[in-house]
*Asks:* 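Sharing a structure with you now.
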Amino acid sequence: MRVRFAPSPTGLLHIGGLRTALYNFLLARKHGGTFILRIEDTDRARYVAEAEQDIIDSLRWAGMDFDEGPGKGGPHAPYYQSERGDLYKEAAEQLLAGVHAYVAFDTPEDIEAMRKRLTTKENPNPKYDLGTRASMTNSLTLSEGEVQTRLDAGEPHVVRLLVPEGETIHVQDLVRGDVAFDSAEVDDQILVKSDGMPTYHLANVVDDHEMEITHVIRGEEWLSSVPKHILLYKYLGFEPPKMAHLPLIMSPTGGKLSKRSADKLGIPVNVQQYRDAGYEPEALVNFLAFLGWNPGTEQEVFSMDELIEAYTVERTGQSGVQFNIDKLNWYNGQFVRKLSADEIASRAREAVEKTVGPISEKQLLAVAELMRERLTFAHDLADSTYFFKDPVSYDEAGVKKRWKEDSAELVRLYAHVLEAGDEFTEASTEASMRDLVESQGVGFGQLIHPVRLATTGTTAGAGMFETLVLIGKDACVRRLLSAADALG
RNA sequence: GCCGCGUUCGUCUAGGGGUUUAGGACGCCGCCCUUUCACGGCGGUAACACGGGUUCAAAUCCCGUACGCGGUACCA
């Protein structure tokens with residue numbers, strides 16, 4: 001089994017692309033097959049130089065190493081379509097020789113004029129097909145000599161697929177079953193552009209055959225191109241690979257998840273943005289795997305190895321799926337909690353130091369250990385600045401709810417008790433608080449809530465006494481006293 | 001317009017003739033745990049697009065309609 005991920009380097013890798021790569025990767029790993037990366041850089045106008053490195057980095061980050069491809073080589077190198085021109089040229093010549101393709105000299109203006117002439121309400125997109133090819137300038141309408149003369153003169157031309165008449169073209173799609181197309185609906189696709197580069201359709205068919213690809217898994221946007229590919233496989237004498245067309249990822253507001261629509265909703269689309277936002281790669285992978293696929297069990301959280309084990313193409317869904325960032329975030333929390341305190345600390349360090357300045361490894365580790373259950377992202381640690389700095393303000397709603405008439409007095413008393421004590425441990429801080437409330441004849445809550453407010457500035461957090469110990473005796477006393485002054 | 005694909009809770013989905021008072025997950029709400037917040041546990045909210053057929057029986061099969069998505073490029 002050999003599968004490929006074949007992106008076009010026109011921009012940063014999109015999560016839809018990552019999901020396509022993932023399904024290919026899972027299939028290959030499950031069956032001990034080969035996962036190939038091929039760069040489809042035949043569109044010189046849309047080429048983006050940084051894109052290739054981004055694709056490679058993103059795949060590695062996500063834990064999907066490829067077996068053959070750029071920088072890695074392999075038996076079918078090179079893995080750039082721009083460097084495989086001879087193969088496409090040869091194929092085009094073979095098609096021309098078998099009269100399954102023809103040369104066309106029409107200029108873009110000619111085609112534009114033809115379309116304008118033929119456009120009606122019923123036919124808003126006239127095609128260059130078996131209905132119109134006879135009225136155009138090509139090797140089907142020109143004499144052999146005339147064609148040769150133009151070719152010799154170096155006249156710009158393209159090579160087009162000669163689509164047959166009256167055929168029904170079938171595809172056995174792994175996720176959709178039998179899909180049939182009438183050849184009358186298929187246009188005479190350009191196979192070789194006037195700059196000599198192949199179009200996707202030709203290059204893709206030639207490469208998939210030459211690289212011995214057995215399974216093509218790609219987005220549904222390709223389904224309507226399949227009849228062209230089937231024809232090419234047939235005319236070239238190639239065996240078509242098995243195909244699976246994936247449901248598209250849609251925006252939460254409907255429509256496809258484009259860069260623009262996502263930006264508007266504040267949803268990242270590029271893998272790099274997820275990486276920068278602090279997502280765990282396993283979480284993104286798990287989430288993406290479940291966007292259009294499910295294992296048929298009730299397990300939701302999967303490691304990459306478990307996904308490989310569980311994956312089957314047959315369980316792929318058929319309808320478009322909406323992107324849901326809440327679920328992704330939930331997955332992220334699941335994976336963050338699986339991390340060691342050490343890993344959480346190293347991921348959070350940059351964000352924490354950015355808000356509170358340099359801190360010791362020991363301290364950061366202790367905070368990570370204490371707060372881990374409360375995190376959605378590792379860098380959420382940076383939100384709890386009170387572990388490192390005195391609070392500069394107190395949560396307004398919290399003060400209103402928890403800070404009573406007697407709070408300042410009680411907090412001061414507690415500060416004095418802590419200051420006088422020899423010990424400063426979870427046990428000692430709790431014991432002195434319990435003693436104090438008893439001697440003052442007040443409820444436990446009347447002290448602990450104001451103490452939390454005074455020492456952290458918030459009403460939420462980990463266990464109070466563990467938190468106090470981490471903050472440290474001097475800082476606790478100082479904070480209690482200054483809060484008592486500030487809040488009265 | 002034409003062609004192709006699709007349509008089960010708000011979202012991701014299970015279920016593919018009787019097992020279903022349609023199951024799970026996210027979200028939301030409530031309760032429990034608890035000094036708080038989270039985690040966790042328990043419970044709740046909420047769906048078979050519509051209309052015809054086939055059948056003893058349809059979410060499940062067939063047809064139609066509606067709606068959504070994709071394609072209709074010398075882009076991939």
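The figures here come from the full heavy-atom set of this structure, side chains too, leaving out hydrogens, waters and symmetry mates. Chain naming here is simple, since letters A, B, ... match the order of the sequence lines and numbering starts at 1 in each.
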*Asks:* For a quick check of understanding: with a heavy-atom distance under 4.0 Å over all strands, which category does A/A462 fall into, base, sugar-phosphate or nothing?
*Replies:*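 Base contact.
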
*Asks:* How is A/R176 classified with respect to the nucleic acid when contacts are heavy atoms under 4.0 Å: base, sugar-phosphate, or nothing?
*Replies:*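 Contact class for A/R176: sugar-phosphate only.
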
*Asks:* Where the side chain of A/T199 is concerned, which of B/C12, B/U36, B/A76 is the nearest nucleotide?
*Replies:*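 Selected nucleotide: B/A76.
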
*Asks:* Would you measure the distance from the C1' atom in B/C67 across to the matching atom in B/C50 and give it in whole Å?
*Replies:*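 These two C1' atoms come out 10 Å apart once rounded.
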
*Asks:* State which of B/U11, B/U35, B/C39 makes the closest approach to the side chain of A/Q322.
*Replies:*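 For the A/Q322 side chain, the nearest candidate turns out to be B/U11.
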
*Asks:* Can we say A/K228 and A/D187 salt-bridge, meaning some charged N sits less than 4.0 Å from an Asp/Glu carboxylate O?
*Replies:*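 Yes, charged N to carboxylate O under 4.0 Å.
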
*Asks:* Which part of the nucleic acid, if any, lies within contact of A/T42, taking any heavy atom under 4.0 Å across all strands shown: a base, the sugar-phosphate backbone alone, or nothing?
*Replies:*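 Sugar-phosphate only.
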
*Asks:* Does OP1 or OP2 of B/G6 have a side-chain N or O of A/Q318 closer than 4.0 Å?
*Replies:*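 For A/Q318, the contact criterion (side-chain N or O under 4.0 Å from OP1 or OP2 of B/G6) is met.
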
*Asks:* Below 4.0 angstrom, N of the basic side chain to O of the carboxylate: do A/E300 and A/K327 qualify?
*Replies:*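 Yes.
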
*Asks:* Output the single nucleotide from B/C74, B/U36, B/C26 whose closest atom is nearest the side chain of A/N324.
*Replies:*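 Per side-chain heavy atoms of A/N324, the pick is B/C26.
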
*Asks:* Report the nucleotide, chosen from B/G24, B/C3, B/A76, that has the shortest atom-to-atom distance to any side-chain atom of A/K327.
*Replies:*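 So the side chain of A/K327 is nearest to B/G24.
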
*Asks:* Let's test your reading of the model: under 3.5 Å, does the base of B/C37 pair with the side chain of A/R374 as donor and acceptor?
*Replies:*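 Answer is yes: a donor-acceptor pair is held.
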
*Asks:* Between the side chains of A/D208 and A/R38, is the shortest nitrogen-to-carboxylate-oxygen separation below 4.0 Å, so that they form an ion pair?
*Replies:*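 So A/R38 pairs with A/D208 through a salt bridge.
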
*Asks:* Nearest whole angstrom, please: distance from the P of B/U35 to the CD of A/E426.
*Replies:*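 Going from A/E426 (CD) to B/U35 (P), I get 14 Å.
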
*Asks:* Just checking A/F66 against A/Y79, ring centres under 6.0 Å apart?
*Replies:*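 Aromatic pair excluded; centres sit 6.0 Å or further apart.
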
*Asks:* Return the nearest nucleotide to the side chain of A/S319; candidates are B/G6, B/C26, B/G1.
*Replies:*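 For the A/S319 side chain, the nearest candidate turns out to be B/G6.
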
*Asks:* Find out whether the Lys NZ or Arg CZ of A/R133 is both under 6.0 angstrom from the six-membered ring centre of A/Y128 and within 45° of the ring's axis.
*Replies:*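 Judged by the rule, A/R133 and A/Y128 form no cation-pi pair.
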
*Asks:* Does B/A76 have OP1 or OP2 sitting under 4.0 Å from an N or O in the side chain of A/K193?
*Replies:*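 For A/K193, the contact criterion (side-chain N or O under 4.0 Å from OP1 or OP2 of B/A76) is met.
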
*Asks:* Could you tell me how far B/A25 sits from B/G40 if I compare only their P atoms? Round to whole Å.
*Replies:*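 That atom pair is separated by 12 Å.
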
*Asks:* Say we look at B/G1 and B/C63: how far apart would their C1' atoms be, to the nearest angstrom?
*Replies:*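 Their C1' atoms lie roughly 24 Å apart.
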
*Asks:* For a quick test of reading the model: is some side-chain N or O of A/R115 closer than 4.0 Å to OP1 or OP2 of B/A73?
*Replies:*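 For B/A73, OP1 or OP2 has a side-chain N or O of A/R115 closer than 4.0 Å.
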
*Asks:* Could you tell me whether A/D129 contacts a base, only the sugar-phosphate backbone, or nothing, with contacts defined as non-hydrogen atoms closer than 4.0 Å?
*Replies:*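 It contacts nothing in the nucleic acid.
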
*Asks:* Determine the Euclidean distance between corresponding P atoms of B/U36 and B/C31; express it in Å to zero decimal places.
*Replies:*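 Approximately 13 Å lies between the P atom of B/C31 and that of B/U36.
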
*Asks:* Could you tell me whether A/R347 and A/E280 make a salt bridge, using a distance below 4.0 angstrom between a side-chain N and a carboxylate O?
*Replies:*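 Judged by the 4.0 Å cut-off on N to carboxylate O distance, A/R347 and A/E280 do form a salt bridge.
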
*Asks:* Could you tell me the separation between the CG atom of A/N329 and the P atom of B/C12, rounded to a whole number of Å?
*Replies:*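 Roughly 17 Å, once rounded to whole Å.
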
*Asks:* So, A/S251 and A/T253: side-chain donor and acceptor under 3.5 Å apart, yes or no?
*Replies:*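 Distance-only check passes for A/S251 and A/T253.
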
*Asks:* Kindly point out which of B/C12, B/C69, B/C39 is positioned nearest to the side chain of A/L291?
*Replies:*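 Closest nucleotide to the A/L291 side chain: B/C12.
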
*Asks:* Taking only the C1' atom of each, what is the distance from B/G4 to B/U8 in whole angstrom?
*Replies:*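 About 23 Å, rounded to a whole number of Å.
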
*Asks:* Side chain to side chain contact (heavy atoms under 4.5 Å, CB included) with A/A408: which residues, sequence neighbours excluded?
*Replies:*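 A/A408 satisfies side chain to side chain contact (heavy atoms under 4.5 Å, CB included) with A/W403, A/R412, A/A484 only.
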
*Asks:* Between B/G52 and B/U45, how many Å separate the two C1' atoms, rounded to a whole number?
*Replies:*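 About 33 Å, rounded to a whole number of Å.
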
*Asks:* Quick one: label A/F181 by what it contacts on the DNA or RNA (base, sugar-phosphate, nothing), any heavy atom closer than 4.0 Å.
*Replies:*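 A/F181: backbone/sugar contact only, no base atoms under 4.0 Å.
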
*Asks:* Could you work out the separation of B/G27 and B/A46 based on their C1' atoms and round it to a whole Å?
*Replies:*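 11 Å, rounded to whole Å.
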
*Asks:* Within the modelled atom types, does a donor on one side and an acceptor on the other bring the side chain of A/R46 and the base of B/C75 under 3.5 Å apart?
*Replies:*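 Answer is yes: a donor-acceptor pair is held.
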
*Asks:* Sticking with atom P, work out how far B/U72 lies from B/G44, rounded to a whole angstrom.
*Replies:*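 Straight-line distance between the two P atoms is 49 Å.
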
*Asks:* For a quick check of understanding: with a heavy-atom distance under 4.0 Å over all strands, which category does A/R402 fall into, base, sugar-phosphate or nothing?
*Replies:*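 Sugar-phosphate, backbone atoms only, no base.
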
*Asks:* Report, one line per pair, each donor and acceptor closer than 3.5 Å where one atom sits in a side chain of residues 154-163 of chain A; sequence neighbours left out.
*Replies:*
{"residue": "A/E155", "atom": "OE2", "partner": "A/R150", "partner atom": "NH1", "Å": "2.8"}
{"residue": "A/H157", "atom": "ND1", "partner": "A/E155", "partner atom": "O", "Å": "3.0"}
{"residue": "A/R160", "atom": "NH1", "partner": "A/D188", "partner atom": "O", "Å": "2.8"}

*Asks:* So which nucleotide from B/G70, B/C74, B/A76 ends up closest to the side chain of A/V158?
*Replies:*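 Minimum distance to the A/V158 side chain belongs to B/C74.
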
*Asks:* Heavy atoms only, 4.0 Å cut-off, all strands: where does A/G333 land among base, sugar-phosphate and nothing?
*Replies:*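 The answer is nothing, as A/G333 stays clear of every strand by at least 4.0 Å.
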
*Asks:* How far apart are the closest heavy atoms of A/S407 and A/R402, and which atoms are they?
*Replies:*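 Scanning both residues completely, I find the closest heavy atoms to be OG-O, 3.8 Å.
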
*Asks:* Please classify the nucleic acid contact of A/D326 as base, sugar-phosphate, or nothing, using heavy-atom distances under 4.0 Å.
*Replies:*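 Sugar-phosphate: the residue A/D326, judged by heavy atoms under 4.0 Å, touches backbone atoms but no base.
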
*Asks:* Whole Å only: how far is the CG atom of A/L223 from the P atom of B/G6?
*Replies:*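 Answer to the nearest Å: 9 Å.
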
*Asks:* Mind checking A/V321 for me? I need base, sugar-phosphate or nothing, with any heavy atom below 4.0 Å counting as a touch.
*Replies:*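 Answer is sugar-phosphate: A/V321 comes under 4.0 Å of backbone atoms only.
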
*Asks:* Could you go over nucleotides 15-19 of chain B and give all protein N or O partners under 3.5 Å, atom names and distances?
*Replies:*
{"residue": "B/G15", "atom": "OP1", "partner": "A/R315", "partner atom": "NH1", "Å": "3.4"}
{"residue": "B/G15", "atom": "OP1", "partner": "A/R315", "partner atom": "NH2", "Å": "3.4"}

*Asks:* Within the 4.0 Å heavy-atom criterion, would you say A/P108 contacts the bases, only the backbone, or no part of the nucleic acid?
*Replies:*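 Base contact.
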
